[in-house]
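Along the sequence shown, the residues carry numbers beginning at 1.
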Amino acid sequence: MMEEQEETETKPLHQDAADSHVRRNNPKKGFLEMMLRPIRWLRMLSEELHWSFVLGVVIVYGISQGFGVGLSRVSTQYYMKDEQKVQPSQAQILIGVIHFPWIVKPLWGLLTDVVPVLGYRRRPYFIFAGFLGVISMLVLSLHKNLHLGFALLSLVAGSAGIAIADVAIDACVTQHAISHPSLAGDMQSLCGLSSSVGALLGFSLSGFFVHLAGAKGVFGFLIIPASLVVLVGILLRESRVRNFAYGRVKEKFLDASKAMWTTLKCRDVWRPCLYTYLSLALGLHIHEGMFYWYTDAKDGPSFSQEIVGSIFSVGAMGSLFGVLLYHNFLKNHPFRDILFWAQLLSGISGLLDLVLVLRINLKLGMPDYFFVVIDEAVSRMIGRIKWMPFLVLSSKLCPSGIEGTFFALIMSIDHIGLLSSAWSGGLVLHALNVTRTQFDNLWIAIIIRSLLRLIPIGFLFLIPRSDPNLAILPSEMLRTKRVNDVLEPENMEMASLVLASD
């Protein structure tokens with residue numbers, strides 16, 4: 001491998017020019033090179049980080065979160081609307097409750113970092129998460145006339161299964177971001193690509209599946225992604241922790257908590273976390289109000305289930321395009337510059353919903369479906385471009401030894417922001433009297449949301465203006481622990497390269 005790299009580095013410039021000339025004069029070869037580039041990229045990641053890590057990311061991010069969440073989002077919306085008969089503002093609140101397990105991600109992170117099960121730190125949690133998802137989806141799919149409280153509990157349990165698996169794979173991503181800081185952007189691109197491609201497939205099939213089998217039938221189908229998470233726990237190669245002192249678990253929890261608090265007090269850590277929360281909380285989530293207007297409004301589009309699924313699938317394509325833009329053109333730019341333009345465009349793009357709700361698009365001769373898919377694609381693309389720097393920055397804020405726990409803490413702060421956005425959006429919809437059949441004031445909620453999205457621009461000074469390919473934390477926070485320390489990151493054998501890096 002090293003010899004190949006040296007030969008590539010020492011290849012004469014005239015040979016590079018000749019190769020470029022051949023590609024220009026041989027379009028078939030150029031197209032083949034373009035098609036092989038993603039495969040070579042995946043091969044490079046597999047060689048540097050090990051194939052089991054890449055497979056875990058694809059299953060957890062691509063199939064469980066991407067494909068699974070793509071299916072469950074549409075089915076959950078129709079389940080709340082048609083099966084449980086709730087109002088838009090109430091549905092907005094309940095959707096926030098369903099995501100509560102993501103707020104307590106530090107708990108899952110502490111468990112995976114501190115408490116091994118049967119000698120393993122990651123594998124048992126993948127298996128538990130998968131079985132939790134399987135059981136919750138079985139209850140939702142098989143039980144008739146399920147009470148709203150029990151339905152909500154099952155949905156929360158399913159969300160917890162996805163969150164626990166997410167914490168486990170995030171720990172692996174963060175660990176490799178520390179040992180391979182130059183690949184941090186590539187790893188987040190892999191996560192984003194897997195999630196976006198999976199979501200594209202999930203949303204594309206969601207409307208068809210809901211129409212064919214109903215919302216509960218889709219819940220039954222979601223047993224498959226949960227089962228694959230169990231497979232990750234089985235295939236993951238991990239070193240076994242021997243002679244673990246379970247009597248010291250409390251002490252380990254306290255040590256990890258102190259390490260997290262010490263890191264969080266670092267100026268380069270709490271400032272980006274605060275900005276991330278403000279950016280998400282001020283986004284004002286009113287998606288349920290728009291969803292009800294799409295499907296129930298007398299003067300609205302009255303979209304069918306298949307149309308709603310196709311709209312979300314186009315949005316997933318926009319998200320995928322955002323990942324590609326970031327990976328190919330933006331990943332080496334300073335975080336602050338990217339977030340400025342992303343936040344500004346997010347506020348402006350939010351006004352597209354205003355054009356739709358006020359029916360201005362029809363006056364301009366633009367059909368509802370055509371306008372909505374453009375709106376969804378643009379909004380999701382901008383949202384993904386804004387989210388990618390957050391992920392890369394978060395992975396660089398985690399100290400060695402508690403990568404999973406601290407990354408989970410940062411992500412929980414993000415989800416507190418999303419929960420604040422969902423609940424505040426529900427309160428705004430309720431205050432404006434937006435119901436299942438009344439949408440006269442929905443346009444006011446859209447304007448409020450767009451204006452609030454611009455406020456975080458004033459807090460961009462909280463984001464470091466540093467090279468995204470360099471470490472942010474002080475070097476002493478990135479040092480590995482001693483071999484027998486419970487917080488020592490090399491206990492995980494995702495790749496022999498990590499073990500040999502000491």
Side-chain angles (χ1 to χ4, degrees), residues 64-65 68-105 107-108 128-165 202 206-207 209-227 229 285-296 305 308-309 415-416 418-431 433-438:
S64 177
Q65 292 190 35
V69 173
L71 285 179
S72 64
R73 177 179 173 183
V74 177
S75 61
T76 301
Q77 287 181 316
Y78 275 104
Y79 182 77
M80 290 294 181
K81 173 176 171 288
D82 298 332
E83 298 284 341
Q84 299 294 342
K85 309 292 184 183
V86 300
Q87 295 290 343
S89 57
Q90 185 183 5
Q92 192 80 57
I93 300 297
L94 294 177
I95 293 297
V97 173
I98 292 172
H99 290 91
F100 182 77
W102 294 82
I103 294 177
V104 294
K105 283 181 68 175
L107 174 60
W108 320 131
F128 172 73
F131 276 116
L132 187 61
V134 169
I135 294 171
S136 61
M137 292 301 104
L138 278 174
V139 171
L140 287 168
S141 61
L142 297 179
H143 199 290
K144 295 182 179 180
N145 301 320
L146 189 62
H147 186 273
L148 178 60
F150 290 109
L152 183 62
L153 182 61
S154 297
L155 289 169
V156 170
S159 179
I162 299 175
I164 294 171
S206 60
F209 281 0
V210 171
H211 177 76
L212 185 66
K216 294 195 294 184
V218 175
F219 289 141
F221 184 79
L222 288 172
I223 294 172
I224 297 176
S227 301
V229 174
H285 184 79
I286 58 171
H287 291 175
E288 302 308 310
M290 292 299 300
F291 172 73
Y292 277 64
W293 182 80
Y294 284 155
T295 56
D296 272 354
Q305 295 156 338
V308 170
H415 282 90
I416 292 174
L418 292 172
L419 180 64
S420 302
S421 174
W423 284 6
S424 59
L427 292 176
V428 168
L429 292 176
H430 179 73
N433 195 33
V434 177
T435 66
R436 294 173 61 93
T437 57
Q438 182 63 254

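In this structure His211 satisfies the side chain to side chain donor-acceptor pair (under 3.5 Å) test together with Gln305, Glu306, sequence neighbours excluded. With sequence neighbours excluded, the residues satisfying side chain to side chain contact (heavy atoms under 4.5 Å, CB included) with Leu148 are Met80, Gln84, Val86, Gln90, Leu94. Legend: residues meeting salt bridge (charged side-chain N to carboxylate O under 4.0 Å, His left out) with Lys216, ordered by chain and number and at least two apart, are absent. Contacts of His287 classified as side chain to side chain contact (heavy atoms under 4.5 Å, CB included), with partners at least two apart in sequence or in another chain: Arg73, His285. Judged as a side chain to side chain contact (heavy atoms under 4.5 Å, CB included), and not counting sequence neighbours, the contacts of Ala226 are Val134. Here Phe128 pairs with nothing under the ring-ring contact (aromatic ring centres under 6.0 Å, His included) rule; sequence neighbours left out. Listed by chain and number, the residues in a side chain to side chain contact (heavy atoms under 4.5 Å, CB included) with Leu142 are Leu138 (sequence neighbours excluded). By the side chain to side chain donor-acceptor pair (under 3.5 Å) test, Ser424 pairs with no residue at all, sequence neighbours left out. Residues forming a ring-ring contact (aromatic ring centres under 6.0 Å, His included) with His143 (at least two apart in sequence, or on another chain): none.
Counting only residues at least two apart or in different chains, side-chain hydrogen bond (donor to acceptor under 3.5 Å, both in side chains) contacts with residues 130-141 are absent.
Contact record, Val74 with Ser206: CG2-OG, 3.4 Å, taken as the closest heavy-atom pair. The nearest pair of heavy atoms linking Val229 to Ala165 is CG1-CB, 3.8 Å. The two atoms that bring Arg436 and Lys81 nearest to each other are NH1-O, 3.1 Å, heavy atoms only. Here the closest heavy-atom approach between residue Gly68 and residue Pro225 is recorded as CA-CG, 4.4 Å. The shortest heavy-atom contact between Leu429 and Ser89 is CB-CB, 4.3 Å.
Under the 4.5 Å side-chain criterion, counting only non-hydrogen atoms from C-beta, Tyr78 is not in contact with Val218. Counting only heavy atoms from C-beta outward, the side chains of Val308 and Phe291 approach each other to under 4.5 Å.
Of the inter-residue distances, the one linking His430 atom NE2 with Thr435 atom OG1 reads 11.0 Å to the nearest 0.5 angstrom. Between Leu132 atom CG and Ile164 atom CD1 the span is 6.0 Å, to the nearest 0.5 Å. Here the CD-CD1 distance, from Gln87 to Ile93, works out to 13.0 Å after rounding to the nearest 0.5 Å. Distance check: Ile416 CD1 to Ser421 OG gives 13.5 Å after rounding to the nearest 0.5 Å. Summarising the geometry, atom CD belonging to Gln77 is positioned 6.5 Å from atom CD1 belonging to Ile95; distances are rounded to the nearest 0.5 Å. With values rounded to the nearest 0.5 angstrom, Phe219 atom CZ is found 4.0 Å from Thr76 atom OG1.
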Pairs of donor and acceptor atoms involving the side chains of residues 151-163, under 3.5 Å and at least two apart or interchain, shall be tabulated with distances.
| residue | atom | partner | partner atom | Å |
| --- | --- | --- | --- | --- |
| Ser154 | OG | Phe150 | O | 3.1 |
| Ser159 | OG | Ile98 | O | 3.0 |
| Ser159 | OG | Trp102 | NE1 | 3.0 |

